[in-house]
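In what follows, a single structure is set out as structure tokens and then discussed.
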2 protein chains.
Amino acid sequence: MSIVVQKFGGTSVGSIERIQAVAEIIAHTYAQGKQCVAVVSAMGKSTDHLVGMAKEICPHPSPREMDMLLTTGEQVSIALLSMALHQKGLKARSLTGWQAGIETNHVHGRAMVNDVKTETIMNALEQGEVVVVAGFQGISPDKEITTLGRGGSDTTAVVLASALKADYCEIYTDVTGVYTADPRVIPLAQKMDEISYEEMLELAHLGAGVLHPRSVEAALQNKVQLMVRSSFVDEPGTWVKEENAMETSHNVRGIAHDLQVARIKVLGLPNHENTLTKLFGLLAEAHINVDIIVQSEHDHERVDVAFSVNEEEGLEARQVLEAAQAELGFAKILYEAGLAKVSAVGVGMMTRPGVAAKMFATLSEAGIRVKMVSTSEIKISCVVERELALEGARRLHTAFGLDQVEVKV
Amino acid sequence: MSIVVQKFGGTSVGSIERIQAVAEIIAHTYAQGKQCVAVVSAMGKSTDHLVGMAKEICPHPSPREMDMLLTTGEQVSIALLSMALHQKGLKARSLTGWQAGIETNHVHGRAMVNDVKTETIMNALEQGEVVVVAGFQGISPDKEITTLGRGGSDTTAVVLASALKADYCEIYTDVTGVYTADPRVIPLAQKMDEISYEEMLELAHLGAGVLHPRSVEAALQNKVQLMVRSSFVDEPGTWVKEENAMETSHNVRGIAHDLQVARIKVLGLPNHENTLTKLFGLLAEAHINVDIIVQSEHDHERVDVAFSVNEEEGLEARQVLEAAQAELGFAKILYEAGLAKVSAVGVGMMTRPGVAAKMFATLSEAGIRVKMVSTSEIKISCVVERELALEGARRLHTAFGLDQVEVKV
């Protein structure tokens, strides 16, 4: 028998009707002779409701208690989905994160999965049961309930698919696949049939929003084939898989944007070998993810470092560094919020001449100033003013020939 | 250091403001140098909301999945109460049923507590933390989430108080103590300063509703002193304790009523020694609690048996017996819902002459027909038509001299 993991996000289980529709999708897969593991998120707005109550009590609730609170959201979903499956005549069993064997480290609010103990799930599958697992949550070595943070349910689905040696993992969401750009802001964006892990990873990191980068990383590491598809519309989605299984085009394949960017400039750091190690070590200890890093050497004595972070973590990053000013020995910190990042992504595109030049020219023609640049084998990212970012993304989508030309029927 | 267990029901934690008020009560106790363990129920109407969603999906949801669903209610409460305690500057730690070591059997929806592993709670108390435990829930030997059914949170509080060797256990509720009758329907009912376990047990069984009988049984067995008091009004409540620590009056001490009674008559059973064993054995296997049992012998061959159950379990009880008609060999079943039970309770009262006579006379004068009677050392119960039950209770309260005479100021 072959195992399929199917993940359903918050909007896919946002109401009783939606949960019943999800049960129908699972029943259809089960009827094809698959062993089914469903991973579900909390129902639509329920997380917001829980967060709202917490904030009423406490401006900065303890991360441990937030995990205790928020994990109830998925627990409600798994129970209701199991009932909906029973109602369709299927055997089904819900499992919380700890029951499903999702073992994490102890970092509340953004725990990492250390291991997956599959015994309980395998036993249930062997008894012909559909297993419904609470996404986003796990258990720490000292039996504390943890959450995986952003994109947690996708990550749960991928690590389960890997541990269970599933044939593939379907990520059901409110869009029909991975697009050449965000179709909500770039109407001419086209759905891709397939995309490599690496490209998806860049698109995910760059704010395409369909999949969280952690889940794509986990899929890449474990060679889990993903299918991103809609739980609302029954049509094929986008396969996310190994590059060597694909026809590569060496072109720009997608344009991504991320509207939550802040930049921190640290001026006048001592020019020592371990300066950057210390600085980014402190940020890592505070679990702050740094994105683009630019260093410029002033003279032999002093360097400036600029880096971008998610705007939500921006002020915390600044505080961490300011508190360590004596230790780091810098002169001054500048903080700028209200920024965004626009990126072009495609395997092999950087070996094609002129891609970077075309990108800068396109933004420049639109009067958009580039504040930071970062390049890799498969992408170019530019940090720009937030209010100009979407216009920039639209122009790049057109410039790189991604706009759909045929009218859809 | 001495440990106090404080239990707060659904109305006591029914809103953010109420949760903050509960945190204040706990902080006050903590400030008196106590080690505090709070046991909380789900917030007010949240259980109803969850049940409503389940019923939308499934008319008869699986008990396992109902437990999975409903236990989220207390988990929300413990997280929010812990946050409210943090906000008051206390160290606090929430624990789900399984984290708190509440080990039960495997009967979903009405599990019995087998054991309490206190290590986690004791460690937290030793670190000066207030421990906030989810009531009503536990974990079965095969690591399934279970619920204790009706009165579950009270039971959690009492078994914890016993296992932790607490000084006493406070049951905070929306009434100020135990009354001589339900003050909502009998305005002249008076609050008692103290009551014996046995009397409380009868009152609880008889539907006084302040404490569930299971929790009083557990308190009696383990000699846990209970204080029933209000979380809304700061005044002394009612101590529930051993009779030998009390001045006993040998009078009727309270009138109870239970408005959810159904009667089942099983007619024409074979008059064998094991007939009753088989009949009530089947009901016990179905986890149906039988209350009053009356047997009458027809002749040497046939007996009739009548018994009362909670009306919610009435139809199920009838189905269980009907399915076993061939095995039991009875002629016919009669089912009557819409009944109620009115009872007079007091340690030693049955040794006083005339109590039963006065009870029957009082009901009879009011035109109330007694359909079943049951007596014990400390109570007389009469099953009557539901619509006459409250009038009967009021008349008994007056007849036994329980009405308050002084006007409260």
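Each chain gets a letter, A, B and so on, in the order the sequences are listed, and its residues count up from 1.
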Whatever's closer than 4.5 Å to a heavy atom in chain A on B/Ile139 counts as side chain
Exceeds 12 heavy-atom contacts within 6.0 angstrom, atom NZ of B/Lys88:
yes
Decide yes or no for A/Lys143 and B/Thr120: does some side-chain heavy atom of the first lie under 4.5 Å from some side-chain heavy atom of the second?
no
Which bit of B/Thr96 is near chain A, if near means a heavy-atom gap under 4.5 Å: side chain, backbone, both or neither?
both
Could you look at A/Ile16 and say if it's the side chain, the backbone, both or neither that has a heavy atom under 4.5 Å from chain B?
side chain
Identify which of B/Gly73, B/Ala92, B/Ala79, B/Ser77 forms the greatest number of heavy-atom pairs closer than 4.5 Å to chain A.
B/Ala79
Side chain, backbone, both or neither: which part of A/Gln75 has an atom under 4.5 Å from a heavy atom of chain B?
both
Around atom CG of A/Asp115, are there more than 12 heavy atoms of other residues, nucleotides or ligands at under 6.0 Å?
yes
Give a yes or no on whether B/Asn123 atom CG has more than 12 heavy-atom contacts from other residues, nucleotides or ligands under 6.0 Å away.
yes
Can you name the residues of residues 51-69 of chain B that have some heavy atom under 4.5 Å away from a heavy atom in chain A?
B/Met53, B/Ala54, B/Glu56, B/Ile57, B/Cys58, B/Pro59, B/Pro61, B/Ser62, B/Arg64, B/Glu65, B/Met66, B/Met68, B/Leu69
Against chain A, work out which of B/His86, B/Gln87, B/Glu17 has the most heavy-atom pairs shorter than 4.5 Å and name it.
B/Gln87
Tell me, side chain or backbone of A/Glu144 under 4.5 Å from chain B's heavy atoms, or both, or neither?
both
Positions in residues 19-42 of chain B that reach chain A, provided some heavy atom is under 4.5 Å away
B/Ile19, B/Gln20
